[in-house]
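In each ligand, atom 1 is the first atom listed, and ligand 1 is the first ligand listed.
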Amino acid sequence: MADPVHNVIIIGSGPAGWTAAIYSARANLAPVVFEGAAPNIPGGQLMWTSDVENYPGFPEGIKGPEMMERFKKQAERFGTTVHAENVEKIDFTKRPFELTSESGQVHRARTLIIATGANAKLIGLPKEKELMNQGAGVSACATCDGAFYKGEELVVVGGGDSALEEALFLTRFASKVTLVHRRAEFRASKIMVDRIKAHPKIALALDAEVCDIVTEKKQVGPFEKDWLVGVKLKSTKDGSVRPLKAGGLFVAIGHAPNTSLFKGVLDMDDKGYLVTKGKTTRMNVEGVFACGDAQDSHYRQAVTAAGSGCAAAIDAERWLAEHG
Ligand code: NAP
């Protein structure tokens, strides 16, 4: 028997991908999701988040990984098929599209929904990722984690609009925020720079980079965990190093969308974010739709990603109806 042609294949398993699956499954489209496999972690960036307190419907908050497990279960409940592997290649010239997965299997689909997400760039320090995964003092999202740092002295790294916005946001909770930037000039807009400079809670550490993380053991429930208590700052001018107390380190040095698979075929901006058409999730190739952080460098929230996943499923369903 010939391989079936799927109505919709969804690549990615963050809030956007699973929401697209839930909607297309409930529209009887029998979607197939490639949730990814190492080094791509199924579930996306929420797998690195501890408590999610800003997703509506969870008044007590929920752990990021648990939330993604629930999204997946909901998608499967309505008949989504899940493949725990990465997509290696897509032939966009064929109709139906042909996807080759890592195992070498070819899958065919009338429509594709791209929900491959983005990853926050990290500095690359020892323990940085480990502490972030454990919610132990390192974060790449002030909106997500800022409220856990009430009364703390915090450090934000970066000189773009994101870093300055995060620093300003964190002043709502922190006793002090030190903004560390590797140069003396900011990449951020002037208005943000003016606000930062005028803010009484924000101190600047310019021509400096965080070269090390300082931790102490902390008792968390029954476990003893490494927890961030400070950083070391290195001058980019003379190489001198000084310690700085910090209850939290927020890294805001940009994000990178996971879109290399689509280079040269799908429209992207100069940073690699997919460019959709107008207010839709349609891409430049007919029958291809994009949602979530792979096409959004602006909001980057779980709830906005989920919303765009819903939109992609509706766009794909309408496209299938239009094309018989
Ligand atoms: P960005 O503009 O690329 O800035 C990244 C910053 O991180 C730069 O200052 C860069 O330093 C620094 N950096 C990069 N790698 C580093 C490293 N390894 N160690 C230390 N510092 C490092 O990224 P973004 O701030 O996320 O902004 C992305 C886009 O979204 C921009 O176009 C921005 O304007 C936009 N945005 C807009 C708003 C808004 O309008 N409200 C808010 C957020 C973001 P250098 O400057 O030395 O390269």
Side-chain angles (χ1 to χ4, degrees), residues 44-45 48-49 54 117-129 131-132 137-146 154-172 177-199 202-214 228 230-242 244 246 248-260 267-276 290 292-305 308:
Q45 291 178 77
W48 310 122
T49 311
N54 55 8
N119 286 323
K121 292 195 220 160
L122 294 182
I123 305 167
L125 300 169
K127 290 198 194 163
E128 185 186 15
K129 195 156 190 176
L131 293 175
M132 189 168 94
V138 178
S139 169
C141 179
T143 324
C144 318
D145 299 329
L154 302 178
V155 168
V156 175
V157 182
D161 281 316
S162 295
L164 274 63
E165 203 170 76
E166 301 236 322
L168 281 170
F169 180 77
L170 289 170
T171 58
R172 297 179 197 189
V177 177
T178 303
L179 179 66
V180 178
H181 180 35
R182 60 187 179 185
R183 297 185 294 135
E185 294 78 36
F186 287 100
R187 191 175 288 275
S189 50
K190 188 177 176 307
I191 185 163
M192 292 296 281
V193 176
D194 291 345
R195 277 187 203 154
I196 285 282
K197 286 185 173 165
H199 203 290
I202 298 179
L204 298 180
L206 301 179
D207 295 316
E209 52 194 19
V210 173
C211 65
D212 206 359
I213 281 171
V214 183
L228 180 120
V231 296
K232 286 187 183 158
L233 293 188
K234 185 177 176 182
S235 162
T236 53
K237 290 277 186 205
D238 59 19
S240 58
V241 175
R242 69 177 171 101
L244 181 66
L249 168 65
F250 286 79
V251 182
I253 58 174
H255 282 74
N258 302 317
T259 55
S260 53
D267 283 348
M268 305 181 179
D269 67 14
D270 58 353
K271 296 232 167 74
Y273 285 93
L274 297 173
V275 177
T276 53
D293 286 10
Q295 53 85 57
D296 173 23
S297 62
H298 197 73
Y299 297 109
R300 297 196 302 241
Q301 300 300 302
V303 68
T304 52
S308 72

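Comparing heavy-atom distances from atom 24 (P) of ligand 1 across S162, G160, A208 singles out S162 as nearest. Of the candidates K271, K121, E165, the one placing a heavy atom closest to atom 28 (C) of ligand 1 is K271. Remark: among candidates H298, E166, H255, R187, the nearest residue to atom 45 (P) of ligand 1 is R187, based on non-hydrogen atoms. Checking L122, I253, I191, V157 against atom 13 (N) of ligand 1, the nearest heavy atom belongs to I253.
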Show your reasoning for whether side chain to side chain contact (heavy atoms under 4.5 Å, CB included) applies to D293 and Q45.
CA-CA 10 Å; D293 286 10; Q45 291 178 77; 3.0 Å; yes
The test is side chain to side chain contact (heavy atoms under 4.5 Å, CB included); show your working for L233 and V210 and say whether it passes.
CA-CA 5 Å; L233 293 188; V210 173; 3.7 Å; yes
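Applying the side chain to side chain donor-acceptor pair (under 3.5 Å) criterion to S240, with sequence neighbours excluded, gives D238. With sequence neighbours left out, D212 forms a side chain to side chain donor-acceptor pair (under 3.5 Å) with no residue at all.
Atom 23 (O) of ligand 1 has as its closest protein heavy atom G254 CA, 3.9 Å. Scanning all protein heavy atoms for the shortest distance to atom 47 (O) of ligand 1 gives R183 NE, 2.7 Å. Nearest protein neighbour of atom 30 (O) of ligand 1, counting heavy atoms only, is S297 O, 4.5 Å. At the shortest separation from atom 37 (C) of ligand 1 among protein heavy atoms lies D161 CB, 3.7 Å.
Of the residues L170, L154, L164, the one that meets the side-chain contact (heavy atoms from CB on, under 4.5 Å) test with L179 is L164.
Between K190 and D194, at least one side-chain N (NZ, or NE/NH1/NH2) sits under 4.0 Å from a carboxylate O, which counts as a salt bridge.
At least one heavy atom of R182 sits under 4.0 Å from some atom of ligand 1. Proximity of E185 to ligand 1 is not established, as no heavy-atom distance is less than 4.0 Å.
Looking at H181 and L204, their side chains never come closer than 4.5 Å, going by heavy atoms from C-beta outward. Here the side chains of I213 and P126 are not in contact, with every heavy-atom distance at 4.5 Å or above.
Looking at G158 next to ligand 1, no N or O pair under 3.5 Å apart turns up.
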